[in-house]
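One structure below.
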Amino acid sequence: MSLIVLSIPIFFLLIGVELLIDKLRGTHYYRLNDAITNLSCGIGSQIVGKVIIGGLTIVGYQYLYTHWRFFEFPSLKADDPVWLVTITWLLLFLGVDFCYYWFHRLAHEISVLWGSHIVHHQSEEYNLTVALRQAWLQGAFSWVFYLPLALIGFTPEMFITVAAINTLYQFWIHTKFIGKLPKPIEYIFNTPSHHRVHHGVNPKYIDRNHAGSLIIWDRMFGTFQEEEEEVVYGITTQTNSWNPLWVNFDYWLDLFRLTARAKGFKNKMKMLFLKPGWRPDELGGVQVPKEVSTKTFIKYDTVVPAGLNNYVLIQYILLVIGTSLFLLKANSLFNYAIQLGITAFIILTIVSFGALLEGKRWAMPMELGRWLLFAIGLPLLFVHTNYWWAVLLGAGLCSILSAFWVSRYRNIGIVMTEQKVMSAV
């Protein structure tokens, strides 16, 4: 079982603690629409990774380890000396973090790779939900950067464990409530201060502090930047959407559209493989990031009726519970075809919630269509779930009852009061 999936309850517990602190202090670091979009991107990343591209890393790594490794680390049996176990795991930890640094850095510096990572930077807030905002297809690119570890001779089981630990470490650094830590810690480890810089859209902060767990790589390779003026969060060209499907592909669609308009093969390749923002002269030339500050930057926001927000929140709690159970039990309960069907339904659900939060006129027909699919699919799942039918039935009843609530907002496109921009202050 993945350490990431097992950690989901801890993630939400810590998010709840941070949200409580935010409310008590009145700091307003959370917005419902932004936080739900962050979590929706995380849900999509987990289910796409598990059901569709999850085997990519393991299969490639396993093949190289089995057929091409030129060294073999000890198997770390119970009788291995402690010093050998310690050194082996430490070397792998350094190796995973080093490979992560280079993937992360190149994902910022190569335009087509930026499309696999940009989702994580789109939020204009900075809180623990941002840690869970992950691109759905990032795993289809990142796994290649870890293959040298297989050639060196680290077992797949060890790699999976350490890679998960590296990912888990990065959760806690997505917060504004922790200031700078003692200098020795700040010098060696990635911290909330260092990572706030990484999420900054201020020109001096862009493409800095790519570290996973250890900031030493940024110091060694010239990408380190101290946190100085207040950070403005987001990306240079705002996505302006709560639709998790759209935010995952918007950048690539725009990039490929511009690449098609570029003249000559050389310019097309530059569009794809140079830094994001590079343009040939006929498309306006290189795009230079503009200076921003918290006093001038405008956040994207929308306003919908409070009752509709409450509806989405309740539905979302049910979705998180259901998705967590699916991630934990999918392989033992369902065949692959059913897993694909459930994955598609979860994606439809989070897209529908995003549309409701944007006040789209087509949101209500989509939501009602989702109810219809749920009603049809629920009896089919009973056949495959044994005692889990009680959980599904309970979720279904809660959902049907809440449908009466949302029916009051059938004219959502008219009821929505405004789409507004919001000062970062």
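Basis for what follows: all heavy atoms, side chains included, without hydrogens, waters or symmetry-related copies. From a predicted model like this one, the values you see are computed outputs, not experimental measurements.
- Between Asp218 and Arg208, none of the side-chain N atoms (NZ, or NE/NH1/NH2) sits under 4.0 Å from a carboxylate O, so this pair counts as no salt bridge.
- A distance of 6.0 Å or more separates the ring centres of His210 and Tyr100.
- At a cut-off of 3.5 Å, with distance as the only test, no side-chain donor of Gln339 or Asn335 sits close to an acceptor on the other residue.
- Residues Leu214 and Phe93 have side chains in contact (heavy-atom distance under 4.5 Å, counting atoms from C-beta outward).
- When the ring-ring contact (aromatic ring centres under 6.0 Å, His included) test is applied to Phe221, the partners found at least two apart in sequence or on another chain are Tyr101, Trp102.
- Using a 3.5 Å distance cut-off with no hydrogens or angles, the side chains of Gln287 and Arg279 do not pair a donor with an acceptor.
- For the residue pair Asn190 / Ser213, no side-chain donor-acceptor distance below 3.5 Å is found, with atom types taken as modelled.
- Checked against the 6.0 Å centroid criterion, the rings of His195 and Trp172 do not qualify as a close aromatic pair.
- Using cut-offs of 30° and 60° on the angle between ring planes, the pair Trp114 and Tyr251 is perpendicular.
- Looking at Lys204 and Glu228, a side-chain N of the basic residue comes within less than 4.0 Å of a carboxylate O on the acidic one, giving a salt bridge.
- Side-chain polar atoms of Ser293 and Thr296 form a donor-acceptor pair below 3.5 angstrom.
- Between the side chains of Glu367 and Tyr311, at least one donor N or O lies within less than 3.5 Å of an accepting N or O.
- Between the side chain of Glu18 and the backbone N or O of Leu128, at least one donor-acceptor pair lies under 3.5 Å.
- Distance check, rounded to the nearest 0.5 Å: CD1 of Ile152 to CG of Leu91 gives 9.0 Å.
- Remark: Leu319 CG to Phe326 CZ distance equals 11.5 Å, nearest 0.5 Å.
- Of all heavy-atom pairs spanning Ser7 and Leu168, the tightest one is OG-CD2, 3.5 Å.
- In the model, Asn33 has a side-chain atom that pairs as donor or acceptor with a side-chain atom of Asp301 under 3.5 Å.
- Taking the six-membered ring for Trp and the full ring otherwise, the centers of Tyr205 and His198 sit at least 6.0 Å from each other.
- Between the CG atom of Leu132 and the OG atom of Ser45 there is a distance of 9.5 Å, given to the nearest 0.5 Å.
- Proximity of the aromatic rings of Tyr146 and Tyr61 is defined here by a centroid distance below 6.0 angstrom, and this criterion is not met.
- Side-chain atoms of Ser111 and Trp278 include no donor-acceptor pair closer than 3.5 Å.
- Figure legend: cation-pi geometry between Arg219 and Tyr187, with NZ or CZ positioned under 6.0 Å from the six-membered ring centre and within 45° of its axis.
- Less than 6.0 angstrom separates the ring centroid of Phe98 from the ring centroid of Trp217.
- Counting heavy atoms of neighbouring residues, nucleotides and ligands inside a 6.0 Å radius, atom NE2 of His67 exceeds 12 of them.
- The distance from atom CD1 of Ile4 to atom NZ of Lys50, rounded to the nearest 0.5 Å, is 13.0 Å.
- When side chains are defined from C-beta on, Leu6 counts as touching Leu328, because their heavy atoms get closer than 4.5 Å.
- Under a 4.0 Å N-O distance rule, the pair Lys176/Glu125 does not qualify as a salt bridge.
- With a 6.0 Å radius and a threshold of 12 heavy atoms from other residues, nucleotides or ligands, Tyr336 has its OH atom above the threshold.
- A donor and an acceptor atom, one from each side chain of Tyr29 and Thr175, are nowhere located under 3.5 Å apart.
- A side-chain donor-acceptor contact under 3.5 Å links Gln170 to the backbone of Asn166.
- Exactly one residue among Tyr233, Tyr169, Tyr126 makes a ring-ring contact (aromatic ring centres under 6.0 Å, His included) with His174. That residue is Tyr126.
- For the pair Gln122 (side chain) and Val247 (backbone), a donor-acceptor distance under 3.5 Å is present.
- Without hydrogens or angle criteria, Asn248 side chain to Trp136 main chain gives a donor-acceptor distance under 3.5 Å.
- To the nearest 0.5 Å, atom SG of residue Cys99 and atom CZ of residue Phe145 are 9.5 Å apart.
- Not one N or O on the side chain of Asn127 forms a donor-acceptor pair closer than 3.5 Å with the backbone of Arg31.
- With hydrogens and angles left out, the side-chain atoms of Ser241 and Asn243 include no donor and acceptor closer than 3.5 Å.
- Side-chain atoms of Trp68 do not come within 3.5 Å of backbone N or O of Tyr65 as any donor-acceptor pair.
- For the pair Arg133 and Val119, the minimum side-chain heavy-atom distance is below 4.5 Å.
- In this structure the side chain of Arg257 never reaches within 4.5 angstrom of the side chain of Trp252, judged on heavy atoms.
- Screening residues 180-201 for salt bridge (charged side-chain N to carboxylate O under 4.0 Å, His left out) gives Lys180-Glu226, Arg196-Glu227 as the qualifying pairs, with residues at least two apart or on separate chains.
- Looking only at side-chain heavy atoms (C-beta outward), Lys270 and Asn267 come within less than 4.5 Å of each other.
- Around the OH atom of Tyr30, the shell of radius 6.0 Å holds more than 12 heavy atoms that belong to other residues, nucleotides or ligands.
- Among His117, His199, His120, the single residue meeting the ring-ring contact (aromatic ring centres under 6.0 Å, His included) criterion with His108 is His117.
- By the 30° and 60° cut-offs, the orientation of the rings of Trp371 relative to Phe374 is perpendicular.
- With Ser116 contributing its side chain and Leu113 its backbone, the two residues share a donor-acceptor pair below 3.5 Å.
- Here Leu32 contributes atom CG and Leu357 contributes atom CG; the two are 6.0 Å apart, rounded to the nearest 0.5 Å.
- Sorted by first and then second residue, the salt bridge (charged side-chain N to carboxylate O under 4.0 Å, His left out) pairs with a member in residues 52-71 read Arg69-Glu72; sequence neighbours excluded.
- Gln238 and Glu124 share a side-chain donor-acceptor pair at under 3.5 Å.
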